[in-house]
There are 2 protein chains.
Amino acid sequence: MEDVARLAGVSSATVSRTLRGLPNVSDETRDRVLQAAASLSYVVSPIASRLASGRTHTVGVIVPYAARWFFGQIVAGAESVLREHGLDLLLYNIGDVAARQRFFGQLPLRRRVDAVLVVAMQFTDPETADLRSLGVPIVAVGHDVPGAGCVRIDDVAAATSAIQHLLGLGHRRIGMISTYADQAMFLPVAHERRRAYLDTLTAAGLPVCDELVMSVPHGLDGGEQAMRRLLTLPDPPTAVFAESDELAFGALSALRRTGRHVSVIGFDDHELSALLDLTTVRQRVFEQGVLAAGMLRRAMTVSDWTPEELLMPTTLVLRASTWPVAVRTASTG
Amino acid sequence: MEDVARLAGVSSATVSRTLRGLPNVSDETRDRVLQAAASLSYVVSPIASRLASGRTHTVGVIVPYAARWFFGQIVAGAESVLREHGLDLLLYNIGDVAARQRFFGQLPLRRRVDAVLVVAMQFTDPETADLRSLGVPIVAVGHDVPGAGCVRIDDVAAATSAIQHLLGLGHRRIGMISTYADQAMFLPVAHERRRAYLDTLTAAGLPVCDELVMSVPHGLDGGEQAMRRLLTLPDPPTAVFAESDELAFGALSALRRTGRHVSVIGFDDHELSALLDLTTVRQRVFEQGVLAAGMLRRAMTVSDWTPEELLMPTTLVLRASTWPVAVRTASTG
DNA sequence: CCCTCGGATGTAAGCGTTTGCAAGGTCGGT
DNA sequence: ACCGACCTTGCAAACGCTTACATCCGAGGG
């Protein structure tokens with residue numbers, strides 16, 4: 001920077017001001033500095049800049065399972081807008097208990113980020129307090145974190161519409177495949193969707209049968225396993241609501257391999273759902289990442305930002321994996 | 001840090017040495033410092049530390065399409081080992097021409113990372129030179145970058161084995177679905193797999209028919225489109241090799257919707273391939289991310305590191321999407 | 001008993017920016 | 001011609017560490 005200043009015949013302060021596009025620099029000087037910087041192919045050291053200014057220009061993104069489709073979409077969406085504004089994205093994948101403990105034990109985000117994006121994770125109170133202690137704005141995607149901004153869908157309403165779709169088709173014995181509620185890695189959406197399932201059945205005057213609610217690890221294997229277990233019941237369900245499309249895929253697989261017929265509805269509208277003709281609840285995941293990043297940007301720039309809440313719409317996408325209860329029952333029964 | 005030093009009754013230099021685990025500190029002093037730091041819940045500012053030491057403890061990861069399964073796996077794999085060693089992962093998604101130009105125009109990695117991980121991207125010579133000019137070690141996953149370390153599979157051999165599997169089943173008219181070779185976003189694996197296809201057919205004494213080689217955008221839609229076009233040929237193929245499982249999924253979809261029967265073999269062993277009974281070439285993607293990150297670590301710590309090359313094995317996974325040419329041809333006439 | 005050597009600690013000079021403050025200049029108004 | 005307001009620019013002090021170098025001290029060796 002000294003070199004550029006010398007070449008342009010100004011002080012380093014002026015170079016700094018010019019390069020950051022601050023107003024109080026005359027056009028003439030500006031040109032001279034820019035030219036000098038270009039000829040030396042100089043770029044400011046982001047690190048020194050951060051030390052001096054106190055702003056890190058970095059956003060920490062915390063996800064439980066970076067490799068899953070949903071989280072990949074969110075991260076990609078957020079990355080696209082953060083990058084566009086010159087912000088760095090620091091990814092923390094804390095899906096297992098060890099990583100999580102390490103994360104909250106040493107809180108590596110301290111003094112390192114200007115904002116935090118939390119994706120579909122529920123924290124304990126002390127953990128939330130730790131996060132707050134960072135003193136930076138927080139935005140959550142997929143669920144609420146007290147005191148933080150939030151971009152999400154109405155999980156309860158969306159799941160309810162799924163169940164009502166099945167009820168509308170005449171199903172009365174409806175199962176659910178949900179993820180195992182690991183006490184340490186509790187995922188809030190799992191809880192809400194299961195609650196919607198229970199409440200909607202109850203509201204419809206149907207009994208709630210515990211044996212119809214499967215708790216399995218997330219993923220294809222989990223879904224397959226769950227459906228196989230449901231099929232062995234003395235009175236198996238005629239329809240099943242899966243907490244996510246990936247679980248639904250597994251369920252479909254089990255059905256195909258066993259030759260049985262059960263309506264299946266998923267949740268997410270994963271890119272492969274159309275291929276598998278899975279009826280599902282669509283949410284726009286990538287876009288939620290985009291919007292969350294936008295909110296973060298606002299939180300970082302506006303001085304008196306207060307947490308916003310953005311509710312994204314969902315749609316029921318009807319495909320061939322659900323059908324009226326009578327049809328197949330009659331033909332196979 | 002001053003505060004800690006005062007509380008422990010030592011100088012800030014000693015605090016610094018203690019906190020970084022340097023040797024020349026007496027046990028007694030060490031304890032005192034650690035205790036003081038703990039009681040003040042003090043952590044060093046990574047930014048100041050970086051400025052002073054010149055090391056960024058950060059790895060830049062460059063991917064073309066962060067949201068795709070393959071890249072998600074690689075990133076997750078790399079993240080897991082980098083995080084474990086306290087290194088940050090800076091993600092750059094430069095899948096479109098604009099992002100790419102911006103990236104190489106301002107080279108935001110300059111002065112910002114200690115190493116770079118490039119995932120399955122081919123660069124022009126000037127771009128490679130730009131990357132080199134960062135002066136940090138580079139490791140590539142999925143392909144070679146001159147002068148860089150490399151973790152990959154033998155794409156040609158793997159693709160050849162796929163074609164030979166089809167040949168062994170008696171197929172003589174074999175199509176290929178590959179991605180459109182956008183001049184700006186050229187993906188090296190696409191080229192290699194296509195080459196293997198052509199060479200293997202030629203070596204088997206078969207003619208190469210241009211109309212059997214489809215070039216489409218990556219993804220399900222691309223695959224579906226390609227298969228539909230292949231099916232409209234006067235003499236359609238009896239088997240098709242898809243450059244990736246996602247393309248193969250699209251192809252399967254087209255087949256299902258049209259009720260036609262064509263053997264399909266994919267590449268990757270995507271997690272959904274088992275579900276769709278797709279015969280494919282398996283590579284361990286997550287693990288490649290892990291290994292690449294390990295190599296980066298070595299490159300950053302060993303002073304005289306020279307690029308290593310790691311070749312990962314692949315396996316042909318036989319499932320129900322490929323069958324001997326005679327069977328279905330006879331039954332469907 | 002003096003000298004040397006090595007380990008533990010302190011001192012202070014960076015690292016490369018940003019930014020509050022002050023200085024100098026220009027300009028319109030009186 | 002003088003004053004104040006405003007804009008441009010420079011000065012220099014942070015920012016919070018790391019590290020080369022100096023210092024101090026006790027232990028051996030001669």
Side-chain angles (χ1 to χ4, degrees), chain A residues 1-34 36-37 40-58 86 88 106-114 134-136 300-301 303, chain B residues 1-34 36-37 40-58 86 88 106-114 134-135:
Chain A
M1 186 174 248
E2 289 289 312
D3 298 341
V4 175
R6 209 172 305 126
L7 209 168
V10 298
S11 73
S12 64
T14 302
V15 174
S16 173
R17 283 192 270 259
T18 302
L19 261 28
R20 280 179 304 141
L22 294 191
N24 297 338
V25 177
S26 72
D27 290 350
E28 185 202 6
T29 310
R30 181 183 307 282
D31 289 348
R32 213 148 19 94
V33 170
L34 290 179
L40 295 175
S41 80
Y42 163 87
V43 286
V44 305
S45 154
I47 294 177
S49 159
R50 287 164 191 194
L51 211 214
S53 71
R55 313 202 59 221
T56 65
H57 292 287
T58 301
D88 288 342
Q106 49 201 49
L107 223 52
L109 254 37
R110 245 185 306 191
R111 316 230 233 161
R112 186 172 298 196
V113 294
D114 289 339
L134 294 173
V136 299
M300 293 166 59
T301 49
S303 58
Chain B
M1 186 175 250
E2 289 289 312
D3 298 341
V4 176
R6 209 171 306 125
L7 208 168
V10 297
S11 73
S12 64
T14 301
V15 175
S16 173
R17 283 192 273 258
T18 302
L19 261 29
R20 280 178 305 141
L22 295 191
N24 297 338
V25 178
S26 72
D27 292 348
E28 186 202 5
T29 309
R30 181 182 310 281
D31 289 348
R32 210 145 24 91
V33 170
L34 291 179
L40 295 174
S41 79
Y42 163 87
V43 286
V44 304
S45 153
I47 293 178
S49 157
R50 287 164 191 195
L51 212 215
S53 70
R55 313 203 59 221
T56 66
H57 292 288
T58 301
D88 287 343
Q106 49 203 51
L107 222 52
L109 253 37
R110 243 184 307 192
R111 316 228 233 160
R112 185 171 301 196
V113 295
D114 289 340
L134 294 173

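Residue numbering restarts at 1 for every chain, and letters A, B, ... go by the order of the sequence lines.
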Original post:
With a 4.0 Å cut-off on heavy atoms, is B/R111 in touch with a base, just the backbone sugar-phosphate, or nothing at all?
Top reply: sugar-phosphate
Original post:
In whole angstrom, what separates B/M1's CE from C/dG10's P?
Top reply: 13 Å
**OP:** Answer yes or no: does a side-chain N or O of B/S26 lie under 4.0 Å from OP1 or OP2 of C/dA8?
**Re:** no
Original post:
How far apart are the closest heavy atoms of A/T29 and A/V25, and which atoms are they?
Top reply: CB-CG1, 4.1 Å
Report, one pair per line, the protein and nucleotides 19-22 of chain D atoms (nitrogen or oxygen only) whose separation is under 3.5 Å.
residue, atom, partner, partner atom, Å
D/dT19, OP2, B/R20, NH1, 2.8

**OP:** For the pair A/D88 and A/R50, find out whether any cationic side-chain nitrogen is under 4.0 Å from an anionic carboxylate oxygen.
**Re:** yes
**OP:** Check whether any side-chain N or O of A/S11 sits under 4.0 Å from OP1 or OP2 of D/dG10, and answer yes or no.
**Re:** yes
Original post:
OP1, OP2 of D/dT8 versus side-chain N and O of A/T29: anything below 4.0 Å?
Top reply: no
Subject >> Distance-only polar pair, side chains of B/S26 and B/R30, donor-acceptor under 3.5 Å >> reply: no
Original post:
Is there a side-chain polar atom (N or O) of B/N24 under 4.0 Å from OP1 or OP2 of C/dA8?
Top reply: yes
Original post:
Can you name the nearest heavy-atom pair linking A/D114 to A/M300, along with the distance?
Top reply: CB-CE, 3.5 Å
Subject >> Heavy-atom closest contact (B/I47 atom, A/R111 atom, distance) >> reply: CD1-O, 4.1 Å
Original post:
Can you check the B/L51 CG to C/dA13 P distance for me, whole Å?
Top reply: 18 Å
Original post:
Between atom CG of B/L19 and atom CG of B/L34, what is the distance when rounded to the nearest 0.5 Å?
Top reply: 6.5 Å
